[in-house]
*Asks:* 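Below is a structure I'd like to ask you about.
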Amino acid sequence: MAHPTDRLFREAAETLRARGNAVALTGAGISVESGIPAFRGIQGMWEKYDPMEYATIGAFLQDPEKVWGMLKEMVDLFSRAVPNSAHLGLAEMERRGVLRSVITQNVDGLHQAAGSRRVIEFHGNAEELICLSCWNRYPSRVKIREGIPPRCACGKILKPNLVLFGEPIPWDAQEEAETEAKRCSVLLVIGTSAQVAPACDIPLLSKRSGAVIIEINPEETPLTKSVADLHLREKAGVAVTLLEREIRTPDPSH
Ligand code: OAD
């Protein structure tokens, strides 16, 4: 007998096949299977580092050396990580014309590494460092090799060009994400706890514009019983692989 979740997967794949024009909104959960821990929950980054002490712009301005203690750990994890089957599956969906773009809250660069071409980095990225005093920019890899905390030529400690709490979302990313959210016919919400605004408002925007919302997460989130039409209660790697395969070659027995 078919497993009850099979029906949900088939329904999700049929929706994607019939509607196309999909966008994915991703969060830390999609990179967990690449060895990068999520922020919330057991073994999450925020269990080890209090975000008020390590992840706000105020904390960085007050004690950048301390905040670099956490940033160094993140950057090291990113440098070792490779895309997993969820990142690769989304890139394949884009190549096949099913997915139009990925809006990601992640700063690890794994969507691009997987081959996704249209990636909107809602919270910036860790590729680049910026000086908050003279606005010089540097490639992270080069500067970090020189030592931690990395410094600008002017002597100030550099900040990764990612969004800390209390900082605005990059203007172009915000605008592009809103446009994509309103234009898509299906929104895949993958691996986000949907607790951080304004990213968590994106599914609402899509829903109001008539999109079908498919959530992929082993846990429930505030979206599950509000805006999600389908909840695939699976890890991203398994779920995206199954979906991608089912869209490409529908199982004739279904
Ligand atoms: P969270 O850590 O808040 O949530 C991760 C989500 O991924 C949870 O809902 C997990 O159930 C789910 N998850 C865990 N493993 C998974 C897997 N293998 N497959 C699929 N899902 C899985 O991460 P985000 O929602 O991305 O912002 O957090 C949003 C923002 O909060 C981050 O961008 C960061 C953080 O503070 C800033 O730093 C500004």
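Just so you know, ligand 1 is whichever comes first in the structure, and atom 1 is the first atom listed for that ligand.
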*Asks:* Hydrophobic cluster membership, with links at side-chain heavy-atom distances under 4.5 Å among I/L/V/M/F/W/Y: are L223 and L188 in one?
*Replies:*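 No; tracing contacts between hydrophobic side chains, which count when under 4.5 Å, never links both residues.
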
*Asks:* Under 3.5 Å between any N/O of W46 and any N/O of ligand 1: does that happen in this structure?
*Replies:*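 Yes, there is a polar N/O contact under 3.5 Å.
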
*Asks:* Can you sort out which atoms of ligand 1 are near E33, meaning under 4.0 Å from one of its heavy atoms?
*Replies:*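 Near E33, meaning under 4.0 Å from one of its heavy atoms, ligand 1 has 17 (C), 18 (N), 19 (N).
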
*Asks:* Between N106 and ligand 1, is there a nitrogen or oxygen pair with a distance under 3.5 Å?
*Replies:*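 No; the residue has no nitrogen or oxygen that sits under 3.5 Å from a nitrogen or oxygen of the ligand.
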
*Asks:* Could you check atom 13 (N) of ligand 1 against the protein and tell me its nearest heavy-atom contact, residue, atom and distance included?
*Replies:*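 Answer for atom 13 (N) of ligand 1: G29 CA, 3.6 Å.
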
*Asks:* Taking the side chain as every heavy atom from C-beta outward, state whether L88 and E244 have any atom pair closer than 4.5 Å.
*Replies:*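 When only atoms from C-beta onward are counted, E244 and L88 do not touch, as no gap falls below 4.5 Å.
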
*Asks:* Counting heavy atoms only, name the option from Q105, K235, R40 that's nearest to atom 31 (O) of ligand 1.
*Replies:*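 It is R40 that holds the nearest heavy atom.
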
*Asks:* Within the structure, does A28 bring an N/O atom to less than 3.5 angstrom of an N/O atom in ligand 1?
*Replies:*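 Between A28 and ligand 1, an N or O pair is found under 3.5 Å apart.
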
*Asks:* Considering residues, nucleotides and ligands other than R19, do more than 12 of their heavy atoms fall under 6.0 Å from its CZ?
*Replies:*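 It does: R19 CZ has more than 12 such atoms within range.
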
*Asks:* With the 4.5 Å side-chain cut-off for hydrophobic clustering, are L71 and I148 part of the same group?
*Replies:*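 Looking at the clustering, I148 is in the same group as L71.
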
*Asks:* I'd like to check K143 versus R151 (side-chain heavy atoms, cut-off strictly below 4.5 Å). Are they in contact?
*Replies:*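 K143 does not reach R151 side chain to side chain.
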
*Asks:* Hey, does the side chain of D229 reach the backbone of I213 with a donor-acceptor pair shorter than 3.5 angstrom?
*Replies:*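 Present.
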
*Asks:* How are the rings of W46 and F165 set to each other: parallel, tilted or perpendicular (split at 30° and 60°)?
*Replies:*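 Geometry flag for F165 against W46: tilted rings.
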
*Asks:* Relative to ligand 1, is V163 under 4.0 angstrom through side chain, backbone, both or neither, heavy atoms considered?
*Replies:*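 Looking at V163 and ligand 1, just backbone atoms fall under 4.0 Å.
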
*Asks:* Please test I57 against L132 for side chain to side chain contact (heavy atoms under 4.5 Å, CB included), starting from the C-alpha separation and ending with a verdict.
*Replies:* CA-CA 11 Å; I57 185 62; L132 298 180; 4.2 Å; yes

*Asks:* Can you report which non-hydrogen protein atom sits closest to atom 33 (O) of ligand 1, along with the distance?
*Replies:*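 I find the closest protein heavy atom is H123 ND1, 2.8 Å.
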
*Asks:* Counting only heavy atoms, which portion of Q195 has something under 4.0 Å from ligand 1: side chain, backbone, both, or neither?
*Replies:*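 The answer is neither.
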
*Asks:* State whether the number of non-hydrogen atoms from other residues, nucleotides or ligands found under 6.0 Å of K156 atom NZ is greater than 12.
*Replies:*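 Counting other residues, nucleotides and ligands, NZ of K156 stays at 12 neighbours or fewer.
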
*Asks:* Please tell me if the side chains of T192 and T221 come closer than 4.5 Å, counting only heavy atoms from C-beta onward.
*Replies:*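 Not in contact.
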
*Asks:* Using a 4.0 Å cutoff against the non-hydrogen atoms of G27, which atoms of ligand 1 qualify?
*Replies:*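 With G27 as reference, the close atoms of ligand 1 come out as 26 (O).
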
*Asks:* Tell me, please: is P218 in heavy-atom contact with ligand 1, that is, under 4.0 Å?
*Replies:*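 Contact present.
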
*Asks:* I need the atoms of ligand 1 closer than 4.0 Å to a non-hydrogen atom of A38, numbered in the order shown.
*Replies:*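 Near A38, the atoms of ligand 1 are 2 (O), 5 (C).
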
*Asks:* May I ask you to identify the nearest protein heavy atom to atom 9 (O) of ligand 1, giving residue, atom name and distance to one decimal place in Å?
*Replies:*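 Sorting protein heavy atoms by distance from atom 9 (O) of ligand 1 puts N217 ND2, 2.9 Å first.
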
*Asks:* Regarding ligand 1, does F39 bring an N or O atom to under 3.5 Å of one of the ligand's N or O atoms?
*Replies:*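 Such a contact does occur with ligand 1.
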
*Asks:* Where is the nearest protein heavy atom to atom 36 (O) of ligand 1: which residue, which atom, and how far?
*Replies:*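 Heavy-atom neighbour on the protein nearest atom 36 (O) of ligand 1: F165 CZ, 3.0 Å.
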
*Asks:* Is there a nitrogen or oxygen of A236 sitting under 3.5 Å from a nitrogen or oxygen of ligand 1?
*Replies:*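 By distance alone, the answer is yes.
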
*Asks:* G191 to ligand 1: N or O pair under 3.5 Å?
*Replies:*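 Yes, since at least one N or O of G191 sits under 3.5 Å from an N or O of ligand 1.
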
*Asks:* Hey, quick one: are L99 and L243 part of the same hydrophobic cluster, counting side-chain heavy atoms closer than 4.5 Å, chains of contacts allowed?
*Replies:*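 The answer is yes; both residues are in one hydrophobic cluster.
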
*Asks:* E219 versus ligand 1: do any nitrogen or oxygen atoms come within less than 3.5 Å of each other?
*Replies:*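 No, no N or O pair falls under 3.5 Å.
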
*Asks:* Name the closest protein heavy atom to atom 15 (N) of ligand 1, giving the residue it belongs to and the distance to 0.1 Å.
*Replies:*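 Of the protein heavy atoms, V32 CG2, 3.8 Å lies nearest.
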
*Asks:* Pull out every atom of ligand 1 sitting under 4.0 Å from any heavy atom of T192, numbered as shown with elements.
*Replies:*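 Listed by number with element, the hits are 6 (C), 9 (O), 24 (P), 25 (O).
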
*Asks:* Check for me, please, whether I36 and L25 land in the same ILVMFWY cluster - side-chain distances under 4.5 Å, paths through other members count.
*Replies:*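 Hydrophobic grouping puts I36 apart from L25.
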
*Asks:* List the closest protein heavy-atom neighbour of atom 30 (C) of ligand 1: residue, atom name, distance to the nearest 0.1 Å.
*Replies:*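 Answer, as residue, atom name and distance: V196 CG2, 3.7 Å.
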
*Asks:* Check this for me - ligand 1, T221, N or O atoms closer than 3.5 angstrom, yes or no?
*Replies:*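 In fact, backbone or side chain, T221 has no N or O that close.
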
*Asks:* Quiz question: by atom type and distance under 3.5 Å, do the side chains of Q174 and E178 form a donor-acceptor pair?
*Replies:*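 Present: a donor and an acceptor within the cut-off.
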
